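Just so we're clear, the structure is a prediction, and the values are computed from it rather than from any experiment. In what follows, chains are A, B, ... by sequence order, proteins preceding strands, each numbered from 1.
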Protein chains: 2
Amino acid sequence: MLSRGKPEPSTALFGVLGLLAVRPMSTYELAKHFDRSLGRVWPRARSKLFEAPKRLEELGLARSTPGLVGRRPRTVYSITPKGRRALATWLARPGSGPELEFEQLLKVFFAEHASTEAAVTNLEAARDWARAQIDEHIAVGRAYLEGTGTFQERLAVNLIAGTFLARFAMTVEQWATWALGVVQSWPDDPRKAAPNIAALEQVVRELESIRTSRR
Amino acid sequence: MLSRGKPEPSTALFGVLGLLAVRPMSTYELAKHFDRSLGRVWPRARSKLFEAPKRLEELGLARSTPGLVGRRPRTVYSITPKGRRALATWLARPGSGPELEFEQLLKVFFAEHASTEAAVTNLEAARDWARAQIDEHIAVGRAYLEGTGTFQERLAVNLIAGTFLARFAMTVEQWATWALGVVQSWPDDPRKAAPNIAALEQVVRELESIRTSRR
DNA sequence: GTGGTATAGTCCCTAAGGGACTATGTTGTC
DNA sequence: GACAACATAGTCCCTTAGGGACTATACCAC
């Protein structure tokens, strides 16, 4: 027998509610902002962003205000007081840890079933992805330093999140560059590659030094 | 009119195929190994792992061998030659970049709608997650150094992937520790927190130094 | 007035998430 | 040697998410 009560709104729903808490928006605006904000830490399909505010309204957490742009309808959603309370309660509970989906790494992981070249291709792709991210982070960071960034009033909090994403991109870039150096010295058949024991020792040492620095 | 031909098998399907390429396995073994291998870079629900080999067999990429353990049926799946070719072709094409799902960071990102304490709670949770990961990576790394790691013959390739995951955990730990220091100096209302401009300048400098080191 | 781009969405099929549920084998203990 | 506890080996099913095709109006430049 199933014993579920009313299920808690999903993380995606609370994420959208958080965006509406910043300011009221239409679904279209929501979808646009998403890529540069929420979507960086909680990626979702575009179509779902159009459904979310409707669910939030059903739950009494948001309210819709119909309007018009010319003859075209345009619905603006805003958070309700009940929504603010639900959001604050949800935000105070610890969330789940990071989950990574990384197809390029997956392909490197199975390189022995293809070729060294396949691993190189995917490491280059990962490095290029990271470099594009780094360029974007530089542009956004410079804009904030010049005072022209968006949502300047959210800068303190944005900086915490943005720093993580920037450091993540740097980690990927540095790892991919290192890995390319290693993999390019492999024979064509990756099954014949010698493991890089020195690198393993190095990483274990670094991990241990972080562990011992916990007091 | 939709013009889709036969759709390509999904990343998850190829991932399972990659595991079967290492050695034949039952769905149950697959599900067990998953958490320590494929699941680290391509997480999927347990139930899907039981479906994947069936789809692969339909596609002619895997073959099932029925067997028995006592009176209980046990089906072992293995990759076919066609499966090996399909896998090699897929592995050679560049995959998609990393996608991150990070609920704790999301909650920090919306901290202004809750309290500084909520941000602290989630940063601590992130740091604890990272520390648990670091401990695991140390254990696995030590096992390999002592020659007792699993799939020792895959070590060269495992090291590339494992190094990334270890560096990712270290990045999270160091970021969370830094962020906790910043956030704990905030007033109770995060909207009143002063942005840490010096930290922003520091990150932008580091990003730029990585960019200029590309030749 | 017309073509291109931005706005503002809907529809729908497939994939994935994830918990409840079932049943047998294996091992340790009193 | 009975029985509990844990590991093995899955199935079922409802909800959520992914993602591309499709539609239509508004605004701007030429």
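Distance, Arg44(A) CZ to dG19(D) C1': 13 Å, rounded to whole Å. Between the P atom of dG20(D) and the CD atom of Glu8(B) lies a distance of 14 Å, rounded to the nearest Å. Between Leu56(A) atom CG and dT16(D) atom C1' the separation is 15 Å, expressed in whole Å. Distance CH2 (Trp42(A)) to P (dG17(C)): 11 Å, rounded to an integer number of Å. Between the P atom of dG17(C) and the NZ atom of Lys48(A) lies a distance of 14 Å, rounded to the nearest Å. Atom CD of Glu101(A) is separated from atom P of dA17(D) by 14 Å (rounded to the nearest Å). Put simply, CG on Asp35(B) is 13 Å from P on dT8(D), counting in whole angstrom units. One atom, CG of Leu30(B), and another, P of dT11(D), lie 13 Å apart when rounded to the nearest Å.
The side chain of Ser47(A) places no N or O atom within less than 4.0 Å of a non-bridging phosphate oxygen (OP1 or OP2) of dT10(C). Checking the phosphate oxygens (OP1, OP2) of dT11(D), a side-chain nitrogen or oxygen of Lys54(B) falls inside 4.0 Å.
Val108(B) has its side chain out of reach of Val157(A): every pair of non-hydrogen atoms, C-beta onward, lies at least 4.5 Å apart.
Among the heavy atoms of the strands lying under 4.0 Å from Pro43(A) are primed sugar atoms or P, OP1, OP2 only; no base atom is included. Residue Ala12(B) is in sugar-phosphate contact alone, with no base atom involved, counting any heavy-atom pair closer than 4.0 Å across all strands shown.
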Worksheet item: Checking ring-ring contact (aromatic ring centres under 6.0 Å, His included) for the pair Phe164(A)/Phe102(B): CA distance, chi angles, key distance, verdict?
Response: CA-CA 11 Å; Phe164(A) 175 78; Phe102(B) 196 168; 5.2 Å; yes
Are there any protein N/O atoms within less than 3.5 Å of an N/O atom in nucleotides 6-8 of chain C, and if so, which ones and at what distance?
residue : atom : partner  : partner atom : Å
dT7(C)  : O2   : Arg72(A) : NH1          : 2.1
dT7(C)  : O2   : Arg72(A) : NH2          : 3.4
dA8(C)  : OP1  : Arg74(A) : NE           : 2.8
dA8(C)  : O4'  : Arg72(A) : NH1          : 3.4

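Ser64(B) and Thr75(B) are not linked by any side-chain donor-acceptor pair at a separation below 3.5 angstrom, with hydrogens and angles left out of the test.
A distance-only check finds a donor-acceptor pair linking the side chain of Asn122(A) to the backbone of Gly95(B) [under 3.5 Å].
Every residue meeting the salt bridge (charged side-chain N to carboxylate O under 4.0 Å, His left out) condition with Glu101(B), not counting sequence neighbours, appears here in chain and number order: Arg44(A). Not counting sequence neighbours, Thr163(A) has no partner by the side-chain hydrogen bond (donor to acceptor under 3.5 Å, both in side chains) test.
Listed nucleotides dC12(C), dT16(D), dA16(C) differ in distance to Glu51(A); the shortest reach to its side chain belongs to dC12(C).
Ring planes of Phe110(B) and His113(B): tilted class, angle from 30 to 60°.
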